[in-house]
Chemist: 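Sharing a structure below in structure tokens format, with a few things to ask.
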Amino acid sequence: MNEKMHWRIVTPATWPAPPAEMSVSTCAEIEECPRRWALSAAKYPELWTGRGYPPKLQVAALAGSVVHLALEIITKQFTLAGVPSMNDPSAPQVLRELGGYTHVVEECVEHILKRYIDNPRAGLLMEHAQRTLRGQVPMLRARVQSMLSRIRLPKNAPPAPVAPALKSAGPPSRVPLVNGIYPEVEVRAKSIGWKGKIDLLVLGNDACEITDFKTGTADEAHKFQVRAYAVMWRLDEELNPSRRAVDRLVLAYERQDVDVAPPSASEIDELRRELLARRQTVEAALAAHPPSAHPSTETCRYCSVRQLCDAYWASATQVVSDDGRFGDIELIITKRHGPTSWDAVVVRSRDLPAKTPALLRLQQHEDFKEGTRVRVLDGALARDSEDDAAPAIVTLGLLSEAYYKPLGHQNIG
């Protein structure tokens, strides 16, 4: 399967249960489209042993993951060395011990790509992703430097205590946190069933600060997220039994830091009720099998399971590039045209009428049967505007995928 771009559509083994602990990102994803989350989180033993449906490799998203991981690694070393900022005389030595910015970024590129080694959808794209990300190393390094240049860690807050060696191999201990600097802290509000991962938590005699690194553009939803972290920290009975409140929230973007007002005691209670209510609402949305779908141009544009969703293909929201040259299209095969091409008719396309004749061009041999439905994602679309009888040409390129429904295949989404 790693060597193909066209695969059989498979059904989930079972529909997933709601997460045992809800996160802000998962909740928002379910609210936007319950079926998308369910199709993504279901099990597909016919495809692989990994979790959920194999995600498509998106190079732009991977670049952000590389920057975030590099920030995590360098920040951890700064805290262990007691370096409060890049302006500290000890900062260059810490970076040298890590191998320098470029080395850290290159290592992060390889680490992120390793996550996709067993992904059956990534095989044909791995070389492209490696080449692209390696070519972006200077730019990724500059992004990391820009964000690190603004980090200011309080000098009166010591590094977090180092866990005993015997415990280092297991999960982090969930014991009350003393004053210190803590990168990557998972907070859990068990009373309302929520969890979150704080990028940087600083606890000092006069400070309780949460910083969240953001590698994308500013979004109002980010402010809600860090305020939700403040609630989860306050309700985490294991890490914060004294119910210490946060006095500073920071969203660290590539070019600026944004301070967010920490929630007051009354606001924490309101947010706690809101989080609990939102959890209950999304759990109810996932009770239906299949869960409801919310197809729209914006919701579906970056959906990695839209090939499985019949609601997407039944709507008029198929993804098409701004210039109309690439997009999604569903076809019915009529007969073989050549060794790697097939005659077909359009079933659904945002810009082409149903029953429009089409020619599907593949990069590999495939034995389709007459009447097979094929769903093409990100195919190259072309048609002679001056000849109404000319077929639409649908060509699969490196970034394209095609999924087919065997004859008699039932609807799944």
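Predicted model only: the values in this text are computed from it and were never measured.
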Chemist: Is it true that R234 and D269 have a side-chain N and a carboxylate O under 4.0 angstrom from each other?
Modeler: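 Judged by the 4.0 Å cut-off on N to carboxylate O distance, R234 and D269 do not form a salt bridge.
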Chemist: Could you check whether R361 and S341, counting side-chain N and O atoms only, form a donor-acceptor pair closer than 3.5 Å?
Modeler: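 Short answer, no.
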Chemist: Under 4.5 Å between any side-chain heavy atoms of M86 and I151, yes or no?
Modeler: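 M86 vs I151: side chains apart.
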Chemist: Is the shortest side-chain N to carboxylate O distance from E106 to R134 below 4.0 Å?
Modeler: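 Result for this pair is no, no salt bridge flagged.
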Chemist: I'd like to know if R306 pairs up with D378 as an ion pair, taking the criterion as any Lys NZ or Arg NE/NH1/NH2 lying under 4.0 Å from an Asp or Glu carboxylate oxygen.
Modeler: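 Salt bridge flag = yes for D378 with R306.
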Chemist: Is the shortest side-chain heavy-atom distance between H128 and V59 below 4.5 Å?
Modeler: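 With C-beta onward as the side chain, the pair touches.
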Chemist: Could you report the tightest heavy-atom contact between R121 and S304, atom names first, then the distance?
Modeler: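 Looks like NH1-O, 2.8 Å.
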Chemist: Taking only residues two or more places apart in sequence, or in another chain, which ones meet K190 in a salt bridge (charged side-chain N to carboxylate O under 4.0 Å, His left out)?
Modeler: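 Listed in chain order: E238.
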Chemist: So which pairs with a foot in residues 204-228 pass ring-ring contact (aromatic ring centres under 6.0 Å, His included), sequence neighbours left out?
Modeler: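 Of all non-adjacent pairs touching residues 204-228, those that pass ring-ring contact (aromatic ring centres under 6.0 Å, His included) are H222-Y253.
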Chemist: Is any side-chain N of the basic residue among K197 and D199 closer than 4.0 Å to the acidic one's carboxylate O?
Modeler: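 Here K197 does not pair with D199 in a salt bridge, since their nearest N and O are not under 4.0 Å apart.
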Chemist: Taking C-beta and beyond as the side chain, do R115 and I112 meet within less than 4.5 Å on heavy atoms?
Modeler: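 Yes. Closest side-chain heavy atoms under 4.5 Å.
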Chemist: Does R350 use its side chain to pair, donor to acceptor, with the backbone of V319 at less than 3.5 Å?
Modeler: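 Side chain of R350 to backbone of V319: no pair is present.
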Chemist: If you measure from CD1 on I329 to CH2 on W313, what distance do you get to the nearest 0.5 Å?
Modeler: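 So the gap between those two atoms works out to 8.5 Å.
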Chemist: Would you mind checking if E110 and K114 are paired as a salt bridge, meaning a charged N to carboxylate O distance below 4.0 Å?
Modeler: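 No, K114 and E110 are not salt-bridged.
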Chemist: Is it true that K223 and E220 make a salt bridge, defined as a side-chain N closer than 4.0 Å to a carboxylate O?
Modeler: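 Answer for the salt bridge query: yes.
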Chemist: Answer yes or no: is there an ion pair linking R188 with E186, defined by an N-O contact shorter than 4.0 Å?
Modeler: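 Yes, R188 and E186 are salt-bridged.
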Chemist: For residues R375 and K405, determine if any side-chain heavy atom of one lies less than 4.5 Å from a side-chain heavy atom of the other.
Modeler: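 Yes, close enough: below the 4.5 Å cut-off.
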Chemist: Would a 4.5 Å heavy-atom cut-off, applied to side chains only, mark L148 and Y101 as touching?
Modeler: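 Of all side-chain heavy-atom pairs linking Y101 with L148, at least one is under 4.5 Å.
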Chemist: Which heavy atom of K76 sits nearest a heavy atom of E184, and at what distance?
Modeler: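 Closest pair (atom of K76, atom of E184, distance): CE-CG, 4.2 Å.
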Chemist: Measure from the side-chain N and O atoms of E46 to the backbone N and O of P12, and report whether any donor-acceptor pair falls under 3.5 Å.
Modeler: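 The answer is no, because no donor-acceptor pair under 3.5 Å joins these two groups.
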Chemist: Run the side-chain hydrogen bond (donor to acceptor under 3.5 Å, both in side chains) test on K56 and Q307 for me, step by step, so that the C-alpha distance in whole Å, both residues' side-chain angles and the decisive distance to 0.1 Å come before the verdict.
Modeler: CA-CA 12 Å; K56 188 173 182 179; Q307 67 274 18; over 6 Å; no
